[in-house]
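The figures here come from the full heavy-atom set of this structure, side chains too, leaving out hydrogens, waters and symmetry mates. Quantities reported herein were computed from a predicted structural model and do not represent experimental measurements.
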Amino acid sequence: MTIEKKIKLYSTIGSRATFGLHATEIIKNEKYKDIFFLSADTSTSAGLDKLRKFYPKNYVEIGIAEQNMIGVATGKARQGAKVVTTTFSPFQTLRCCEQIKVNLGYMKEKITMV
């Protein structure tokens, strides 16, 4: 699919579905096979169902446990994985303030939070 077709598709399906489609496209690239996606019970709303189905080793559904998700993400990052966490923004930021400060900040782990 050309970039122009992708842009047209992405503009019609919304940001969450776009995130899921793009995540699935990225993980197909051999360079990014070690990306690990964590979700706090948002696989459907974040558009990650396809990724979860075709790349189950790169995906973990944590459930409604955002603070735990940050801890798991930190552990995976310490093992060398590139980690992406996703949930609704107030839960990932406000509910996880202490975990972000201690696990990500003090330990200086690189985790992408979407």
Side-chain angles (χ1 to χ4, degrees):
M1 183 180 290
T2 67
I3 190 71
E4 290 82 12
K5 287 183 181 181
K6 284 184 182 181
I7 290 171
K8 186 173 182 177
L9 172 67
Y10 292 165
S11 68
T12 61
I13 64 174
S15 60
R16 292 180 185 171
T18 298
F19 170 70
L21 285 175
H22 197 63
T24 305
E25 286 295 317
I26 287 172
I27 210 163
K28 288 178 185 178
N29 187 328
E30 188 66 36
K31 182 179 174 183
Y32 300 108
K33 286 284 187 192
D34 62 344
I35 290 181
F36 198 78
F37 290 87
L38 296 170
S39 172
D41 202 29
T42 57
S43 65
T44 301
S45 63
L48 293 172
D49 284 337
K50 187 174 179 183
L51 184 137
R52 180 176 68 175
K53 181 180 177 183
F54 292 110
Y55 301 96
K57 292 181 181 178
N58 297 79
Y59 180 85
V60 169
E61 181 63 61
I62 300 295
I64 303 172
E66 291 83 359
Q67 295 151 320
N68 185 46
M69 179 176 68
I70 299 301
V72 172
T74 302
K76 292 300 291 180
R78 290 198 67 79
Q79 291 177 334
K82 295 178 180 116
V83 181
V84 177
T85 63
T86 184
T87 190
F88 301 111
S89 63
F91 302 137
Q92 184 155 234
T93 53
L94 299 176
R95 287 188 59 114
C96 302
C97 258
E98 193 69 19
Q99 287 76 17
I100 292 168
K101 178 177 79 174
V102 174
N103 293 352
L104 305 185
Y106 292 158
M107 295 173 79
K108 298 182 181 176
E109 294 300 336
K110 296 179 181 177
I111 294 171
T112 302
M113 298 169 62
V114 179

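Taking OG1 of T112 as the reference point, atom CZ of F37 lies at 9.0 Å (rounded to 0.5 Å). To the nearest 0.5 angstrom, R16 atom CZ is 9.0 Å from T86 atom OG1. To the nearest 0.5 angstrom, K76 atom NZ is 9.0 Å from N58 atom CG. Separating the CD1 atom in I70 from the OG1 atom in T93 is a distance of 9.5 Å, to the nearest 0.5 Å. Atoms CD and NZ, on E25 and K28 in that order, are 4.0 Å from each other to the nearest 0.5 Å. Here the straight-line distance linking atom NZ of K82 with atom NZ of K31 works out to 8.0 Å at 0.5 Å rounding.
Placement of V84 and L21 in two distinct hydrophobic clusters is found when ILVMFWY residues are connected by side-chain heavy-atom separations under 4.5 Å, directly or transitively. If you chain together hydrophobic residues whose side chains sit under 4.5 Å apart, F19 and L51 fall into the same group. Under the 4.5 Å side-chain heavy-atom criterion for grouping Ile, Leu, Val, Met, Phe, Trp and Tyr, I100 is not connected to F91 through any hydrophobic cluster.
Shown here is K50, whose NZ atom has no more than 12 heavy atoms of other residues, nucleotides or ligands within 6.0 Å. The 12-atom threshold is exceeded at CD1 of I13, counting heavy atoms of other residues, nucleotides or ligands nearer than 6.0 Å. Atom OH of Y55 sits in a crowded spot, with more than 12 heavy atoms from other residues, nucleotides or ligands closer than 6.0 Å.
Smallest separation of non-hydrogen atoms from I111 and T74: CD1-N, 3.6 Å. A73 approaches T85 most closely through the heavy-atom pair CB-CG2, 3.6 Å. Contact record, Q67 with R95: NE2-O, 2.8 Å, taken as the closest heavy-atom pair. When all heavy atoms of Y32 and I26 are compared, the closest pair comes out as CB-O, 3.6 Å. Taking each heavy atom of E61 and S39 in turn, the nearest pair found is OE2-O, 3.0 Å. Scanning both residues, A23 and L48, for their nearest heavy atoms gives CB-CD2, 4.0 Å.
Side-chain contact check for E109 versus V83: every heavy-atom pair is 4.5 Å or farther apart.
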Before you tell me yes or no, could you show the steps for F54 and T24 under side chain to side chain contact (heavy atoms under 4.5 Å, CB included), namely the whole-Å CA-CA distance, both residues' side-chain angles and the distance that decides it to 0.1 Å? CA-CA 9 Å; F54 292 110; T24 305; 5.6 Å; no

Would S45 and T42 count as a side-chain hydrogen bond (donor to acceptor under 3.5 Å, both in side chains) if you check the C-alpha gap in whole Å, the side-chain angles of each, and the deciding distance to 0.1 Å? CA-CA 5 Å; S45 63; T42 57; 4.7 Å; no

Check against side chain to side chain contact (heavy atoms under 4.5 Å, CB included), M69 and Q92: CA-CA 9 Å; M69 179 176 68; Q92 184 155 234; 3.5 Å; yes

Please report the C-alpha distance between I27 and Y59 in whole Å, then the side-chain angles of each, then the deciding distance to 0.1 Å, and finally whether the side chain to side chain contact (heavy atoms under 4.5 Å, CB included) criterion is met. CA-CA 11 Å; I27 210 163; Y59 180 85; over 6 Å; no

Test side chain to side chain contact (heavy atoms under 4.5 Å, CB included) on T87 and D41 and set out the steps. CA-CA 7 Å; T87 190; D41 202 29; over 6 Å; no

